[in-house]
Amino acid sequence: MSANNAEELEALRLKYLSKKGVINALMAEFRNVAADQKRTVGIKINELKQTATDRINSLKEQFDTAEGDSEALDLTRTPYPIALGTRHPLTIVKNEIIDIFSRMGFILADGPEVEDDLHVFTKMNFAADHPARDMQDTFFVSKHPNDVTKNILLRSHTSSVQARVMENTKPPIRIICPGRVFRNEAITARAHCFFHQVEGLYIDKNVSFTDLKQVLLSFAREMFGADTKIRLRPSYFPFTEPSAEMDISCHICGGKGCGFCKHTGWVEILGCGMVDPNVLELCGIDSAAYSGYAFGLGVERITNLKYQVSDLRMFSENDTRFLKEFEAAN
């Protein structure tokens, strides 16, 4: 018993299982069977009916499944393979930054994005009344009315990872801390409420500012080209002393001056400095025996410099047309 489609199957059902079908006709003739053979014949007729029913039901399931698959087929779908995704431009640049510093001996360190005030601010030498603790800059999850060290917040920098490492690691320490950070800022083409940082920390005996400058010069030339120049300008950060901001010669105009560098020939890329002795002591490291440097750079900033992306919001809007522009960089 076989059928190639639903119509042929229905014809089989009518032929064998309908009221006027073959099996019902056999059952009608059952009354003429000799008494001593009724049991055997009855069993055979019932077996035939069950076999026919099972076979027809099986064929019906096959046709129903095939029909369902046909209905699920999207005939408007493109015949071309689905395009593979690419790495996000921020991921491309972050990985490049990590690779450069890894080759200098820095190892990766990670920490929580939801942090406490102790590691984000207090151990980084922020005073209790420092403006960065204010709600206008920091996203607080909960605030303690009498003890700021018990505040829970979204980390505003990855320096909290440095604090945790210094608490639990004996020098020498040489780490980089990539991660996402959050600040309560208006979202514009030049600022966002979340962005990505890579911070570095090196602590050992007899570490000097010269060591810091050489590491940053090597990084700049690896990232932007062998002809890149750097300059360090005095600045202030609570966790470093002395502190500096580092500029690189504009790789777009070669230092001659253009719209991107505001016609100065220089572009700021990071902040840095020698770790403040107070930070070392707060994290359990003897500042008389050890010194160190730290630096922090924004991944979005470096990505802008490399790819000249004018609007920071494009990094988080998931516009596939924008992301496809970075396929060759993967």
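Predicted model, so just to flag it, every value in this text is computed and none were measured. Quick note: numbers below take in every heavy atom, side chains included, and nothing from hydrogens, waters or symmetry partners.
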Quiz item: Taking a hydrophobic cluster as the set of Ile, Leu, Val, Met, Phe, Trp and Tyr residues connected by side-chain heavy atoms closer than 4.5 Å, whether directly or through intermediates, do I302 and I176 fall within one such cluster?
Solution: yes
Practice problem: Can you see which heavy atom on I98 is nearest to which on P178, and at what distance? | Solution: CD1-CG, 3.9 Å
Quiz item: Is Q197 reaching over with its side chain to a backbone N or O of G296, donor-acceptor style, under 3.5 angstrom?
Solution: no
Quiz prompt | Enclosure of N168 CG (heavy-atom neighbours >12, cutoff 6.0 Å) | solution = yes
Exercise. Considering non-hydrogen atoms only, spot the tightest contact between R155 and G179 and give its length.
Key: NH2-CA, 3.5 Å
Practice problem: Test L216 against L212 for side-chain contact (heavy atoms from CB on, under 4.5 Å), laying out the working first. | Solution: CA-CA 6 Å; L216 296 181; L212 170 62; 3.7 Å; yes
Quiz item: Roughly how far, to the nearest 0.5 Å, is CG of D311 from NE2 of H192?
Solution: 9.0 Å
Exercise. Grab the two heavy atoms, one from S159 and one from F239, that are nearest each other, plus how far apart they are.
Key: OG-CZ, 4.4 Å
Self-check item: Test side chain to side chain donor-acceptor pair (under 3.5 Å) applied to H196 and R301, K94, R180, E300, the passing residue
Solution: E300
Exercise. Examine distances only and state if a side-chain atom of N151 and a backbone atom of H144 form a donor-acceptor pair shorter than 3.5 Å.
Key: yes
Quiz item: Is there a donor-acceptor pair closer than 3.5 Å between any side-chain N or O of D276 and the backbone N or O of E241?
Solution: no
Quiz item: Do any N or O atoms from the side chain of T228 and from the backbone of G225 form a donor-acceptor pair under 3.5 angstrom?
Solution: yes
Quiz item: Between F106 and F101, what is the ring plane arrangement, given parallel below 30°, perpendicular above 60°, and tilted in between?
Solution: perpendicular
Quiz item: Do other residues, nucleotides or ligands put more than 12 heavy atoms under 6.0 Å from the NZ atom of K306?
Solution: yes
Quiz item: With a cut-off of 6.0 Å (strictly less than), are more than 12 heavy atoms of other residues, nucleotides or ligands near CZ of R39?
Solution: no
Quiz item: Using the ring of each side chain (for Trp, its six-membered ring), is F121 parallel, tilted or perpendicular to F126, with breaks at 30° and 60°?
Solution: perpendicular
Quiz item: Are L297 and F224 connected in the hydrophobic side-chain network, where two residues link if heavy atoms are under 4.5 Å apart?
Solution: yes
Quiz item: Can you find a pair of side-chain heavy atoms, one from D137 and one from N184, that are under 4.5 Å apart?
Solution: no
Quiz item: Given the rule in the side-chain contact (heavy atoms from CB on, under 4.5 Å) test, do V309 and F322 qualify, once you have shown the distances and angles that lead to the verdict?
Solution: CA-CA 10 Å; V309 179; F322 169 70; 4.2 Å; yes
Quiz item: Are V148 and L154 co-members of a hydrophobic cluster defined by side-chain heavy atoms under 4.5 Å apart?
Solution: no
Self-check item: L270 side, atom CG; E268 side, atom CD - distance, nearest 0.5 Å
Solution: 8.0 Å
Quiz item: Hey, are the side chains of R183 and F195 touching, using non-hydrogen atoms and a 4.5 Å cut-off?
Solution: yes
Self-check item: Pairwise distance CD1(I203) to CE(M166) - rounded to 0.5 angstrom
Solution: 5.0 Å
Exercise. Determine the minimum heavy-atom distance between G111 and V161, stating which atoms define it.
Key: N-CG2, 3.7 Å
Quiz item: Should I107 and L201 be regarded as members of a common hydrophobic cluster, given that ILVMFWY residues are connected when their side-chain heavy atoms come within less than 4.5 Å of each other, either directly or indirectly?
Solution: yes
Quiz item: Does L305 reach the side chain of I248, with side-chain heavy atoms less than 4.5 Å apart?
Solution: yes
Self-check item: Inter-residue atom distance D204.CG - R174.CZ, 0.5 Å rounding
Solution: 8.0 Å
Self-check item: Single-linkage hydrophobic cluster V22~L17, side-chain heavy atoms < 4.5 angstrom
Solution: yes
Self-check item: Under 3.5 Å: donor-acceptor pair, side chain of D116, backbone of H119
Solution: yes
Quiz item: Do L118 and K123 have side chains that get closer than 4.5 Å, going by heavy atoms?
Solution: yes
Self-check item: Minimum heavy-atom distance between T188 and L312, given as atom pair plus value
Solution: O-CB, 4.5 Å
Quiz prompt | Side-chain touch W266/C250, heavy atoms, less than 4.5 angstrom | solution = no
Practice problem: Measure the spacing between CZ of F182 and OG1 of T138 and express it to the nearest 0.5 Å. | Solution: 12.5 Å
Quiz item: Would one find more than 12 heavy atoms of other residues, nucleotides or ligands at under 6.0 Å from atom CG of D99?
Solution: yes
Exercise. Taking all heavy atoms of A294 and all of Q162, pick out the closest pair and write down the distance.
Key: CB-OE1, 4.0 Å
Self-check item: Given F209, F295, Y293, the one that forms ring-ring contact (aromatic ring centres under 6.0 Å, His included) with Y202
Solution: Y293
Exercise. Please name the residue in the list N46, D54, T53 that meets the side chain to side chain donor-acceptor pair (under 3.5 Å) test with Q50.
Key: D54
Self-check item: Min side-chain heavy-atom separation M124-V279 under 4.5 Å
Solution: yes
Exercise. Any pair with a residue in residues 229-240 that passes side-chain hydrogen bond (donor to acceptor under 3.5 Å, both in side chains), sequence neighbours left out, goes on the list, sorted by first then second residue, please.
Key: R231-D247, R233-E245, R233-D247, T240-S243
Quiz item: Of L90, V299, L323, which meets side-chain contact (heavy atoms from CB on, under 4.5 Å) against F315?
Solution: L90
Quiz item: Would E281 and D286 count as a side-chain contact (heavy atoms from CB on, under 4.5 Å) if you check the C-alpha gap in whole Å, the side-chain angles of each, and the deciding distance to 0.1 Å?
Solution: CA-CA 6 Å; E281 294 293 339; D286 185 359; 4.0 Å; yes
Self-check item: Gap between atom CZ of F219 and atom CD1 of I269 - 0.5 Å precision
Solution: 5.5 Å
Quiz prompt | Residues Y290, I173; criterion side-chain contact (heavy atoms from CB on, under 4.5 Å); working and verdict | solution = CA-CA 10 Å; Y290 295 98; I173 298 170; over 6 Å; no
Quiz item: Does the side chain of K44 reach to within under 4.5 Å of the side chain of E47, using non-hydrogen atoms?
Solution: yes
